[in-house]
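Remember, it's 1-based here, ligands and their atoms both numbered in the order they're listed. Fair warning: this is a prediction, and the values are worked out from it, not measured in the lab.
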Amino acid sequence: MAESTMQKIVSLAKRRGFIFQSSEIYGGLKACYDYGPLGVELKRNIKEAWWNDMVHKRSDIVGLDCSIIMHPDVWKASGHLAGFSDPLVDCRNCKERFRADKAPRATPGEKVTYREGGRRDGKKLEGVVPEAGYVCPVCGSGDLSPERQFNLMFRTSLGSVDPMQEILNAVDDMAKLDPAARKEKLAGIINASAVYLRPETAQGMFVNFLNILNSSRVKPPFGVAQTGKSYRNEITTQNLTFRTCEFEQMEMEFFVEPGTDDEWYDYWSKERFNWYISLGMKKDRLRLRPHEQKELAHYAKACVDVEYFYPFENPEGEGEWGELEGIANRTDYDLKKHSEFSGKDLSYFETETKRRYTPYVIEPAAGADRATLAFLCDAFDEEVVDKEKNDVRTVLRFHPRIAPVKVAVFPLVKRDGMPEKARDIMKELLAEGINSFYDETAAIGRRYRRQDEAGTPWCVTVDTDTLENGTVTVRERDSMEQSRVPAAGIADYFRNRLKNS
Ligand code: ATP
C-alpha cells in the first residue's frame with residue numbers, strides 16, 4: 001500500500017532529526033516525543049516569532065515566566081480540580097482509549113464496517129453507530145464502552161514527606177477504622193502535600209495580575225504573555241505531537257474594560273488567524289471555527305478556534321481539521337474567582353475616571369508543539385522536477401523566519417582553497433546570528449536536495465568564479481534558481497533577505 005502523506009512526514013521527521021519518539025531505545029513512551037537538531041530550531045523559531053510579534057513589537061503586552069508547580073488553591077479557584085476532566089471511552093474492538101468529545105460523529109443506528117482487532121488484515125465486521133453518536137477514531141467500530149470522566153491534572157507531592165510511604169506506614173492502623181474514617185485519613189495524607197503540574201500557563205497571569213499592575217505601569221487594555229510547558233494526562237491516539245501529555249503553550253491574557261470585550265475579541269481572532277498566514281501557512285488549510293453555545297467552557301462568553309487541516313489518517317480518509325489555537329472571551333471569571341479564593345482585591349482602579357472595575361479577559365491560547373507540527377505538515381511538498389526521469393524532490397517550504405537552518409554553505413569541490421573560503425563564509429554568517437550549515441560531501445546536486453528536505457531557504461556555493469571574481473552562487477530552495485552574489489557583505493545580503501521575507 002502506498003505511504004500516506006502523514007507516514008511520509010513522520011518518517012522524514014525522524015530521518016532528518018525533527019521529531020523522535022521519546023526514550024526510543026527502551027521501546028518509547030506513548031505520547032512523549034523529543035525534538036532533534038532541526039526540530040528544536042524550528043520550534044524555537046516559532047516561539048521566538050510569537051514572542052517577537054506578541055511582546056517585542058507591541059507596547060501594550062508584557063511578558064511573564066511562572067513556575068510550573070503553583071499553590072494548589074490556584075486549581076481550586078480556577079475550577080480545574082473539580083472539573084478539568086474528559087469523557088473517556090474504550091473501543092471493545094481495537095482496545096483504543098479515546099475522548100468521546102473528539103471522536104468522529106455519526107448518526108445513531110447507521111451501519112458501520114470495520115476490521116476485527118482494528119488491523120488491516122482482520123476479518124471484515126459490520127455494526128451500528130451507538131446512541132452516543134460517534135465511532136472509534138482508530139478503527140471506526142461502534143462497539144464502545146460507556147463514557148467515564150477522568151481528571152487530566154498530574155498530581156505530585158511537594159516536601160520531604162512521601163505520601164505513599166506515609167500510607168504504607170499507616171496501613172495497619174487504618175485497617176481498624178470504619179470505611180468513612182479510613183477514606184478521610186487517606187485523603188488527609190494525600191492532600192497534605194499534593195501539588196499539581198500546571199495544565200495551562202494562563203492561571204499564572206491571573207494570580208500575578210496585582211504584581212504586574214504594581215510593577216509595570218500598565219493599564220487596560222494591556223496583555224501579559226507567557227510561553228512554557230503545561231501537562232495534561234491525556235489519552236492520545238496517533239498523530240505524532242498533536243496531543244501529548246507534556247507540551248508547550250504560548251498564551252496571552254489581554255485585560256480590557258468590560259463593554260469593550262467584544263471588540264477586542266474580534267480583533268484578536270483576526271490577528272491570530274493572520275499570524276499563521278504571515279509565517280507562510282496556506283490560507284486554504286486554515287479556518288476560524290466559532291464554538292457552538294453548548295461547546296463553550298462555563299467561564300467563556302465566546303470562543304473561536306484557529307483550526308488547521310492536518311493530513312491525519314482517519315476512517316474517512318486523509319485530512320482532518322484540528323485545533324491550533326483557541327481565542328476565548330473569559331470575561332471577569334478568573335480574576336473574580338481568584339479574588340474570592342485568595343481574599344485579595346483583583347480589580348482595577350482607573351484614576352482618570354475614579355472608577356473601579358474587574359477587567360474582562362481575551363485569551364489567545366496557542367500550542368507551540370501543535371504549531372510546529374502544523375508548520376511541518378504545511379511546508380511538506382513533493383515536487384515533480386522531471387516527470388520523464390521520475391525525478392521528484394521532497395522539499396520543506398518553511399518561511400525563512402522559521403526555517404531551522406537559514407543558509408547552507410558548500411565548496412563546489414574539496415580543493416583549490418574552496419573549502420577554506422566556504423568555511424570563512426559560514427563563520428561570517430554564524431557570527432551575525434544567521435544559523436548556517438557547512439557540507440562538502442557528495443555531488444552538489446545531492447547536497448542541494450538534502451537541504452531542500454531540511455527546509456533551508458538558501459544555499460551558497462563557492463566555485464572557481466569565487467576565486468577569480470569574488471562572487472558566489474546563491475541557490476533558491478523554492479524555485480531552484482541560481483544567481484551570483486558578491487561574497488563580500490554576504491551576511492548583510494542574507495540579513496536583508498530574512499528581513500524582507
Ligand atoms: P483540545 O480541545 O485539542 O484538547 P483545548 O481546547 O483543551 O485543546 P486549550 O486549553 O485551549 O486547548 O489550550 C490551548 C492550546 O494548547 C491548544 O490550542 C493547543 O494548541 C495546545 N494544547 C492543548 N492541549 C494540548 C496537548 N495535549 N498536546 C499538545 N498541545 C496541546
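Of all protein heavy atoms, the one closest to atom 6 (O) of ligand 1 is E323 OE1, 3.2 Å.
Taking 4.0 Å as the cut-off, D369 does not count as a neighbour of ligand 1 on heavy-atom distance. Residue contact check for ligand 1: E200 places no non-hydrogen atom closer than 4.0 Å to it.
The residue from F242, Y231, F247 that puts a heavy atom closest to atom 22 (N) of ligand 1 is F247. Of the candidates E246, R232, E307, it is R232 that places a heavy atom closest to atom 9 (P) of ligand 1.
Atoms of ligand 1 found under 4.0 Å from any heavy atom of R99 (numbered from 1 in listed order, with element): 4 (O). Residue L324 has at least one heavy-atom neighbour below 4.0 Å for each of these atoms of ligand 1: 18 (O), 20 (O). In summary, the atoms of ligand 1 found under 4.0 Å from a heavy atom of E234, numbered by their order in the structure, are 24 (N), 26 (C), 27 (N).
For E251, no nitrogen or oxygen atom sits less than 3.5 Å from a nitrogen or oxygen atom of ligand 1, counting backbone and side chain alike.
Among pairs with a residue in residues 128-141, those fulfilling side chain to side chain donor-acceptor pair (under 3.5 Å) read Y134-E147, at least two apart in sequence or across chains.
The pair D452-R477 does not count as a salt bridge, with every side-chain nitrogen at least 4.0 angstrom from each carboxylate oxygen. Between E257 and R355 there is a salt bridge, with a side-chain nitrogen of the basic residue lying less than 4.0 Å from a carboxylate oxygen of the acidic one.
In this structure, the side chain of S347 does not engage the main chain of T358 through any donor-acceptor pair within 3.5 Å.
The aromatic rings of F398 and F18 sit tilted relative to each other, their planes meeting at an angle between 30° and 60°.
The salt bridge (charged side-chain N to carboxylate O under 4.0 Å, His left out) with E246 is formed by just one residue from the set R232, K229, R198; it is K229.
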